[in-house]
Protein chains: 2
Amino acid sequence: MSARDIAALLPDLHMLTVIAETRSLTQTARRLGIAKSSVSMRLKDLEQALDVPLVRRTTRSITLTPAGAQLVEQTRGSFAHIEQGVVGAKDLAGAPRGLVRVSAPVALGRQHIAPTIPALLSRYPDIRLELDLSDRFVNLVQEGFDLAIRHASRVPESHIAVALCASASVLLASPQYLARNGTPQHPAELARHACLLYLRDGSTASWSFERTTGRKATQRVSVPVSGPLRANNSEVLREAVAGGLGIALLPDFTAWSGPSAHQLRPVLPEWKPVGFFGERLQAIRPWSPRTPRAVQCVIDHLRKSLAEGFGDPQRLRSSV
Amino acid sequence: MSARDIAALLPDLHMLTVIAETRSLTQTARRLGIAKSSVSMRLKDLEQALDVPLVRRTTRSITLTPAGAQLVEQTRGSFAHIEQGVVGAKDLAGAPRGLVRVSAPVALGRQHIAPTIPALLSRYPDIRLELDLSDRFVNLVQEGFDLAIRHASRVPESHIAVALCASASVLLASPQYLARNGTPQHPAELARHACLLYLRDGSTASWSFERTTGRKATQRVSVPVSGPLRANNSEVLREAVAGGLGIALLPDFTAWSGPSAHQLRPVLPEWKPVGFFGERLQAIRPWSPRTPRAVQCVIDHLRKSLAEGFGDPQRLRSSV
DNA sequence: CTAGACTGTTCATAATTTTGAACAATCGAG
DNA sequence: CTCGATTGTTCAAAATTATGAACAGTCTAG
């Protein structure tokens, strides 16, 4: 079995895998975009070359012989692998190109990602972007996303996460609300305050906080909360806070952007919220042997754009 | 990237792996048995189809671009795998066929394998056999053997062993020798007997024996031995024993065959030799994803032929 | 039981690919 | 520096392969 022999058989072997899938020469011809007479002829040639019957034919249907099934079993994966390689090589052509579907939190997308998109697209003219803003946890593979920007504490299996920037949650209220209802001095007091809750699948109606007391000692408190408003959009909650409706736990990128930012005051600043929004923003993507260049460009762009984080209210407040 | 696209590229991708190996379009053409103009043209077509330069050409030599190298790296293994599959499928055609190279111990080969070969070859007319008789441990892969018949206690890595039949070692002497020098009653006495040694790489000049004393208790003795003759051929040793030269430790298939078998007497029959020749005869072959049918036929044939083993001196003695 | 749709196969024709000689560019030995 | 050998490329002719309409066998809906 020399190299010249195998080379001639390759397209026919590949065709055989399609035949095995479709179990029909006609369908195979349609899928490969060739004449069905070619399928018939090439299959015959292949069987002749290997000197083994591969397909048992009735006039109306076909079945693989054991030899044919074995052959398909061994080669199918290889053809898929080769196809991967070709896709990877194509991606290296010229400038990064292709469609990148990104899922991102609503507030982050509107306030911080959208403004940086023109710079990205003008730098890479062949990249097309599809931005899906949603605060739910999407299934990347199932819904066909290349990238999700999330506050994720844990990364789903067979996915890869890249840290973009630090991003914490902050507890907020308006000066008016605090004047009217008093300023909480301990998380436990939140139980009798009006708390505006972010709705998320599986999120409980309680907030947890942490405070470092000694060198390494930490204090942890969990408090049940309730209030007059729940919403799954952090900007809605922020405006409600600004309007004096109550206290909310919001991601910093929502808190310090928008026109109402100056109406917000941090509450219990020495207590760090735990386990609600994570401590950093991550770009999450389904694992693949090689990252498409376009996707990598988007990730890099976001990392640069968001590098400074959202931690400094002064800066953001003055810039809005 | 649809199925039809990949199918058309397959021969060209395979050609690219050959180009990567030879680093020459001319050599590639020669190895694939096609015109070098075809190589040049198809390479150009492939680059056009992928829209990536794959090979950097000087008028006199070529180098792969990073994209080309990456593509080859990803696809080469797949093509090799496909080739394996084709070889496997071809093997399923018609009757088992092909050359089987077998290495076997000299005595076993002459006395027990050779007589059964005609039956094998007449049953499978398309199988060709090459029998290499040698008592050394051959390197199967390096020397191109498909099969080795050995007393092996341990099987080399990435090899597979199939047990053929039981086969032990026996300690032998002639009646004359025993009459002249006395019959040993304990292995320790062997140290002052004339012991005929089998020469093998790394074999020490000592014999070990084991005896079951109680229910589960075993006694073990190792004794240094020496004598007037060493040889790496067990039949030579057997004849020497028959001639009264001394005591030898021989595999049973050597002991109980040949015209001199009736001149031999077991010595210390209640002591079992340990770690010299193993307890069973094995067929050892290099691992491969699928056993060629011809090789499997030879193994099965040997197992049937040798099934009865060599343990019964009476039977063999009378048949020779 | 029958008509129609669909199966895989055949074969002359059309399209494509392969071929080999001619060619310019390059390397290496003397 | 020069000559001969060898590299990869080009292009019209030749060989190979694909095509699609016609065909016979088979299944299914009514």
Side-chain angles (χ1 to χ4, degrees), chain A residues 2-65 67-69 71-72 86, chain B residues 2-65 67-69 71-72 86:
Chain A
S2 73
R4 84 169 70 187
D5 300 321
I6 191 82
L9 299 177
L10 284 170
D12 297 349
L13 288 167
H14 176 257
M15 189 187 72
L16 186 69
T17 65
V18 179
I19 291 175
E21 272 184 43
T22 62
R23 278 197 283 283
S24 153
L25 302 197
T26 306
Q27 289 302 318
T28 300
R30 197 183 321 257
R31 188 185 299 190
L32 294 179
I34 59 179
K36 63 178 179 176
S37 55
S38 299
V39 176
S40 176
M41 221 175 62
R42 283 168 50 182
L43 177 57
K44 192 161 59 178
D45 289 353
L46 182 63
E47 290 180 310
Q48 210 154 39
L50 299 188
D51 199 23
V52 196
L54 300 171
V55 170
R56 199 163 284 130
R57 302 116 134 115
T58 329
T59 342
R60 192 153 174 80
S61 73
I62 56 176
T63 325
L64 277 90
T65 64
L71 186 54
V72 167
V86 171
Chain B
S2 72
R4 86 208 295 159
D5 300 321
I6 194 80
L9 299 178
L10 284 169
D12 297 350
L13 288 168
H14 176 257
M15 188 187 73
L16 186 68
T17 66
V18 179
I19 291 175
E21 271 184 42
T22 62
R23 278 196 286 282
S24 151
L25 302 197
T26 305
Q27 289 304 318
T28 300
R30 197 184 320 258
R31 187 186 299 188
L32 293 179
I34 59 180
K36 62 179 180 174
S37 54
S38 299
V39 176
S40 175
M41 223 175 60
R42 284 168 51 182
L43 177 57
K44 192 160 59 178
D45 290 351
L46 182 63
E47 291 181 308
Q48 210 154 39
L50 299 188
D51 198 23
V52 197
L54 299 171
V55 170
R56 199 163 285 130
R57 301 117 133 117
T58 329
T59 344
R60 193 154 176 79
S61 75
I62 56 176
T63 326
L64 278 94
T65 64
L71 186 55
V72 168
V86 171

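Labels below follow one simple rule: chain letters A, B, ... track the order of the sequence lines, proteins then strands, and each chain is numbered from 1.
As rounded to whole Å, 4 Å separates atom P of C/dG8 from atom CG of A/Leu25. Across the protein-nucleic acid pair, A/Arg56 atom CZ and C/dT9 atom C1' stand 19 Å apart, rounded to whole Å. Atom CG in B/Leu46 sits about 16 Å away from atom C1' in C/dT17, given to the nearest Å. Straight-line distance from the CD1 atom of B/Ile19 to the C1' atom of D/dT9: 14 Å, rounded to whole Å. Rounded to whole Å, atom P of C/dT17 lies 12 Å from atom CG of B/Leu9. Between the CD atom of A/Gln27 and the C1' atom of C/dA5 there is a distance of 14 Å, rounded to whole Å. When rounded to the nearest whole Å, the span between CG of B/Leu43 and P of C/dT17 equals 15 Å. Taking atom CZ of residue B/Arg57 and atom P of nucleotide D/dG8, one finds them 10 Å apart after rounding to whole Å.
Within the structure, every side-chain polar atom (N or O) of B/Thr58 is placed at least 4.0 Å from both OP1 and OP2 of C/dT26. Proximity of B/Arg60 to the phosphate of D/dG8: no side-chain N or O atom is located under 4.0 Å from OP1 or OP2. Not one side-chain nitrogen or oxygen of B/Thr59 sits closer than 4.0 Å to the OP1 or OP2 atom of C/dA25. Applying the 4.0 Å criterion to OP1 and OP2 of D/dG8, one finds that B/Thr26 has a side-chain N or O inside that range. In this structure, A/Lys44 reaches the C/dT10 phosphate: one of its side-chain N or O atoms is under 4.0 Å from OP1 or OP2.
For A/Thr65 against A/Pro53, the heavy-atom pair with the smallest separation is OG1-O, 2.7 Å. Considering all non-hydrogen atoms of both residues, A/Leu54 and A/Ala67 come closest at CD2-C, 4.3 Å. The shortest heavy-atom contact between B/Ser24 and B/Ile62 is N-CD1, 3.6 Å. Shown here for B/Leu10 and A/Pro11, the closest heavy-atom pair between the two residues is CD1-CA, 4.4 Å. Annotation for A/Glu47 and A/Val55: closest pair OE2-N, 3.0 Å, computed over non-hydrogen atoms.
For the side chain to side chain contact (heavy atoms under 4.5 Å, CB included) criterion with A/Ile19, the lone passing option out of A/Leu43, A/Asp12, A/Leu32 is A/Leu43.
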Would you tabulate the nitrogen or oxygen pairs shorter than 3.5 Å linking the protein to nucleotides 18-21 of chain D?
unit_1 : atom_1 : unit_2  : atom_2 : d
D/dT19 : OP2    : A/Ala35 : N      : 2.8
D/dT19 : OP2    : A/Ser38 : OG     : 2.9
D/dG20 : N7     : A/Ser37 : OG     : 2.9
D/dG20 : O6     : A/Ser37 : OG     : 2.7

Could you walk me through whether A/His14 and A/Val18 satisfy the side chain to side chain contact (heavy atoms under 4.5 Å, CB included) test, starting with their C-alpha distance in whole Å, then the side-chain angles of each, then the deciding distance to 0.1 Å, before giving a yes or no? CA-CA 7 Å; A/His14 176 257; A/Val18 179; 4.2 Å; yes
